[in-house]
Asker: 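There's a structure below that I have some questions on.
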Amino acid sequence: MKKQFAVIGLGRFGGSICQSLSEQGMEVLAIDLNEDKVNEFANIATHAVVADTTEENTLKSLGIRNFDHVIVAIGDNIQSSILTTLMLVEAGVKHITVKAQNDYHEKVLNKIGAHKVVHPERDMGIRIAHNIVSKNVLDYLELSDEYSIVELMAGQSVHGKSLIDLNIRAKYGCNIMAIKRDEEINVSPDATQDLRKGDIIIVIGADEDINRMEEDLFDDED
Ligand code: ATP
């Protein structure tokens, strides 16, 4: 059976989640207070309804507890976001993802039992900053305060060298999880694998080790 999603709040963030889930063939209920927003998503989501999710009876009548995953993307109105999340937790929804506006909001959401709290503006800011500092860093995923997964572009300085030649694991303590070349992805590459300029390398490790490795091996000017 298809997974059932509900997206509450159809601003830019909630709207793009709703659109992407629908494009992936999921069942999506789109909910917003604002009728214009709901009309915008009437042909995109499976169902679209005008509702105020801070009203407990409204949530009940939508049968919200039967959804597999509910995404709360209420933006500026932090009070409504918290109240909605609290009622979803109390209703026993299995997966609740909530967009936080700031660190205090995030703290409260975690405290009341949201399963996942996302902070898209902050996270995207961090990712873009890494990409601005080094154009070889294509993408960046923070795993914790100290560990990350990073996508690096191989330049001339590593072209033709194998992972053994570069001695990445011993020298930097990082692990190459995969190498992407054109459309092919080599997961857990062999240490004898040669790198080519233009390869995309996916590395996991401590931030300071990844930075050291990136400065030594991937900081090409061209
Ligand atoms: P984004 O950057 O993603 O657009 P935003 O901060 O601009 O985020 P808002 O526009 O503030 O997001 O809010 C997202 C949507 O949530 C709005 O369309 C708003 O009508 C809706 N919303 C706010 N409160 C409720 C509520 N209690 N029930 C349902 N929808 C709500």
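In this chain, residues are counted from 1 in sequence order. Each ligand, and each atom within it, is numbered from 1 in the order the structure gives. Since we're looking at a predicted model, the values are computed, not measured.
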Asker: Considering the heavy atoms of A73, write down every atom of ligand 1 situated less than 4.0 Å from one of them.
Answerer: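 Per the distance check, 14 (C).
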
Asker: Please lay out, stage by stage, how K99 and E106 fare under the test salt bridge (Lys or Arg N to Asp or Glu O under 4.0 Å).
Answerer: CA-CA 8 Å; K99 173 188 162 175; E106 182 171 4; over 6 Å; no

Asker: What protein heavy atom is closest to atom 10 (O) of ligand 1, reported as residue, atom name and distance in Å?
Answerer: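 The closest one turns out to be G11 CA, 4.4 Å.
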
Asker: Of all heavy-atom pairs between F13 and A73, which one has the smallest distance, and what is that distance?
Answerer: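 So the two residues come closest at CD2-CB, 3.8 Å.
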
Asker: Would S81 count as a contact of ligand 1 if the rule is a heavy atom under 4.0 Å away?
Answerer: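 Contact check S81 vs ligand 1: negative.
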
Asker: For D52, take its heavy atoms, then give the atoms of ligand 1 lying under 4.0 Å from any of them.
Answerer: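 Answer for ligand 1: 26 (C), 27 (N), 28 (N).
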
Asker: Would you mind running through ligand 1 and noting each atom that sits below 4.0 Å from a heavy atom of A51?
Answerer: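 Every atom of ligand 1 under 4.0 Å from some heavy atom of A51: 28 (N), 29 (C).
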
Asker: Salt-bridge test for R181 and D199: reply yes if a basic N is under 4.0 Å from a carboxylate O, no otherwise.
Answerer: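 The answer is yes: the pair qualifies as a salt bridge.
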
Asker: When you look for heavy atoms under 4.0 Å from ligand 1, do you find them on the side chain of L10, its backbone, both, or neither?
Answerer: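 The answer is the backbone of L10.
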
Asker: Checking S61 now: which residues fulfil side chain to side chain donor-acceptor pair (under 3.5 Å) with it, not counting sequence neighbours?
Answerer: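 Partners of S61 by the side chain to side chain donor-acceptor pair (under 3.5 Å) criterion come out as none, since no residue qualifies.
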
Asker: Should you measure from each heavy atom of K99, which atoms of ligand 1 turn up under 4.0 Å away?
Answerer: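 Heavy-atom distances to K99 below 4.0 Å select 1 (P), 2 (O), 3 (O), 6 (O), 8 (O).
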
Asker: I'd like to know if the side chain of N34 and the backbone of K37 have a donor-acceptor N/O pair within less than 3.5 Å.
Answerer: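 At least one qualifying donor-acceptor pair exists.
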
Asker: Is it the case that the side chain of H69 and the backbone of K94 share a donor-acceptor pair, with hydrogens and angles ignored and the cut-off at 3.5 Å?
Answerer: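 No; zero donor-acceptor contacts below 3.5 Å.
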
Asker: I'd like to check whether T84 has a polar contact with ligand 1, where a contact means an N/O of the residue lying under 3.5 Å from an N/O of the ligand.
Answerer: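 T84 vs ligand 1: no N/O contact under 3.5 Å.
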
Asker: To which protein heavy atom is atom 16 (O) of ligand 1 closest, and what is the distance rounded to 0.1 Å?
Answerer: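 It is G9 CA, 3.3 Å.
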
Asker: Among protein heavy atoms, which sits nearest to atom 4 (O) of ligand 1, and what does the distance come to when rounded to 0.1 Å?
Answerer: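 Looking at atom 4 (O) of ligand 1, the protein heavy atom closest to it is R12 N, 2.7 Å.
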
Asker: Taking atom 11 (O) of ligand 1 as the point of reference, which of D76, D36, V38 owns the nearest heavy atom?
Answerer: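 The option holding the nearest heavy atom is D76.
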
Asker: Nearest heavy atom to atom 23 (C) of ligand 1: which of N34, T54, I74 does it belong to?
Answerer: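 The residue whose heavy atom sits nearest atom 23 (C) of ligand 1 is I74.
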
Asker: Measure across V28 and V7 and return the closest heavy-atom pair with its distance rounded to 0.1 Å.
Answerer: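 For V28 and V7, the tightest heavy-atom pair comes out as CG1-CG2, 4.0 Å.
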
Asker: Tell me, which protein residue and heavy-atom name are nearest atom 12 (O) of ligand 1, and how many Å apart are they?
Answerer: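 The closest heavy atom on the protein side is G75 CA, 3.5 Å.
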
Asker: Taking A178's backbone N and O only, do any of them form a donor-acceptor pair with N186's side chain (distance below 3.5 Å, no angle check)?
Answerer: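 Judged by distance alone, no pair lies under 3.5 Å.
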
Asker: Could you tell me, atom by atom, which parts of ligand 1 come under 4.0 Å of a heavy atom of F13?
Answerer: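 Counting from 1, the qualifying ligand atoms are 1 (P), 3 (O).
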
Asker: Between the side chain of S157 and the main-chain N/O of L217, is any donor-acceptor distance below 3.5 Å?
Answerer: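 A pair under 3.5 Å: yes.
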
Asker: Considering only heavy atoms, which of I8, V7, D32, L33 lies nearest to atom 20 (O) of ligand 1?
Answerer: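 The nearest heavy atom belongs to D32.
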
Asker: With no hydrogens and no angle check, do the side chains of T97 and H115 hold a donor and an acceptor under 3.5 Å apart?
Answerer: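 Not at all, the side chains of T97 and H115 share no donor-acceptor pair under 3.5 Å.
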
